[in-house]
Amino acid sequence: MLIVQNNNQPAVTIIDPRGLRVTAAAHLMSGFTVYTGEREIGNIRVEEGIAQGIGVTYLSSLRIVNVADNQILWEDSFRDVIYNCERVRRMVGAKLKEVFIATLKRQNMQIPVEQIDERVNESLNKAYYEQTDKTVLKILTEWGIEIKPA
Amino acid sequence: MTTSALANVSQMNALFKVILPDGTRLSVSADGKKLLTEGYTSNAGNTYFAAISLTNDFVIKEDIGQGWKYTFLNGLKIYTRNNQLIAERSFHYRVYSEEAIAHEAAEMLTEAIMDAAKRQKIQVNRAQIENEVRTRLDATQRLK
């Protein structure tokens, strides 16, 4: 939870329901609350910029950063893109794979595409859905639904 | 608002901090089934607002756009009662109706549970999930 106060406006409380660690926020005169949040995915940090309104939430920016040296691996800003966890997860996944594959190519190294794919998907699922999955498992238990290993 | 629906005021306040911009004003719908936010009217004359309904297990937030001819369902989000977002979906040109919401909410929640089961490599009975989801979403609490 982040509490932000600026420009003599009332303090704004930001809690992201998707598991983002909110790092900065502002309450705009338009009524939108804009904030940035981070997700750590191993040695990578994903920074998401979000604009939350009453009836809509937009994705305004995405940045992928190498944690060790804070180097920006990729970033982009968006207009009129409605925020959706799965959409963002896929964008980040696609960009991460691009970055890894391009780097290996430049270094004239073998590219284990399937391995990269699997590892990226596994890491992103954990980063984006770990809390949701825990909640769902709790719900299934409360409902008395039988759970078996796949 | 009924005591049973909003017995834990601090819990509801915590929920609203998560799902709405801070300071959003709310009122209860005429039929007493939903909380309605204040609206924002665009230059084009369309008014955007949200409607929130409560079941025993979930909170459903509808993003609504009211135009001069049609009212559209722009988005649906389903949260647990402790503020965890479980499922979200946005729509384009989906005309608003209670049937559309009931259908979409049930489908979204079922898919969210099935996707979580797949990620966690567990097997669950889809028919059982669908049945349970429909029953629990039908139990909407009255707010007045």
Side-chain angles (χ1 to χ4, degrees), chain A residues 1-5 9-20 25 27-28 30-35 51-58 81-88 121-122 124-126 128-150, chain B residues 13-25 37-40 46-51 57-59 61-66 74-75 77 79-80 82-92 109 112-125 128-129 131-133 135-136:
Chain A
M1 184 170 79
L2 179 73
I3 299 176
V4 176
Q5 185 148 20
Q9 298 290 323
V12 171
T13 307
I14 314 289
I15 306 168
D16 183 83
R18 302 172 184 85
L20 270 183
H27 193 60
L28 305 182
S30 62
F32 274 86
T33 301
V34 293
Y35 62 95
Q52 182 190 25
I54 286 174
V56 69
T57 302
Y58 289 112
V81 174
I82 291 179
Y83 189 99
N84 175 290
C85 221
E86 178 58 17
R87 170 183 282 153
V88 174
N121 283 337
E122 199 181 291
L124 289 181
N125 278 340
K126 189 166 190 285
Y128 280 85
Y129 291 114
E130 186 174 38
Q131 198 51 49
T132 304
D133 289 352
K134 277 184 188 157
T135 302
V136 165
L137 288 177
K138 192 165 171 254
I139 288 170
L140 291 174
T141 309
E142 282 170 9
W143 290 358
I145 305 270
E146 193 190 350
I147 297 171
K148 289 185 280 193
Chain B
N13 284 339
L15 172 68
F16 295 140
K17 281 190 198 311
V18 171
I19 68 177
L20 295 171
D22 221 21
T24 304
R25 285 187 291 268
T37 68
E38 55 193 328
Y40 159 77
N46 300 317
T47 300
Y48 301 94
F49 62 99
D57 302 282
F58 300 107
V59 178
K61 179 177 173 264
E62 307 159 17
D63 295 333
I64 300 167
Q66 190 167 35
N74 292 334
K77 291 185 174 69
Y79 302 81
T80 60
N82 63 352
N83 316 337
Q84 177 70 42
L85 179 64
I86 292 290
E88 59 181 336
R89 196 177 278 181
S90 55
F91 307 97
H92 292 285
L109 200 43
I113 292 171
M114 297 306 295
D115 286 345
K118 192 174 171 189
R119 282 190 298 267
Q120 295 298 315
K121 297 180 174 51
I122 57 174
Q123 224 177 22
V124 289
N125 184 315
Q128 197 181 4
I129 302 280
N131 212 33
E132 199 68 42
V133 159
T135 307
R136 288 177 183 265

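As a basis for the values below, the full set of heavy atoms in this structure was taken, side chains included, without hydrogen atoms, waters or symmetry mates. Remember, it's a predicted structure, so these values are computed and weren't measured experimentally. Proteins come first, then strands; the chains are lettered A, B, ... in the order of their sequence lines, and each starts at number 1.
- Under the side-chain contact (heavy atoms from CB on, under 4.5 Å) criterion, A/T135 pairs with A/Q131, A/I139, B/T80, B/Q84, B/I86, not counting sequence neighbours.
- B/Q123 pairs by the side-chain hydrogen bond (donor to acceptor under 3.5 Å, both in side chains) definition with nothing, not counting sequence neighbours.
- For B/K77, the part lying near chain A is the side chain, with the backbone staying farther off; criterion is any non-hydrogen pair under 4.5 Å.
- The parts of B/E38 that come within reach of chain A are both its backbone and its side chain, each placing non-hydrogen atoms under 4.5 angstrom from that chain.
- With a 4.5 angstrom heavy-atom cutoff, A/I82 touches chain B only via side-chain atoms.
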Could you walk me through whether A/Y129 and A/E86 satisfy the side chain to side chain contact (heavy atoms under 4.5 Å, CB included) test, starting with their C-alpha distance in whole Å, then the side-chain angles of each, then the deciding distance to 0.1 Å, before giving a yes or no?
CA-CA 9 Å; A/Y129 291 114; A/E86 178 58 17; 2.5 Å; yes
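- Only the side chain of B/D57 comes within less than 4.5 Å of a heavy atom of chain A; its backbone N, CA, C and O stay farther away.
- Electrostatic pairing of A/K126 and A/D133 does not count as a salt bridge here, judged by no charged N lying under 4.0 Å from a carboxylate O.
- For the pair B/F91 and B/N74, the minimum side-chain heavy-atom distance is 4.5 Å or more.
- Options B/K61, B/E88, B/K121 differ in how many heavy-atom pairs under 4.5 Å they form with chain A, and the most are formed by B/E88.
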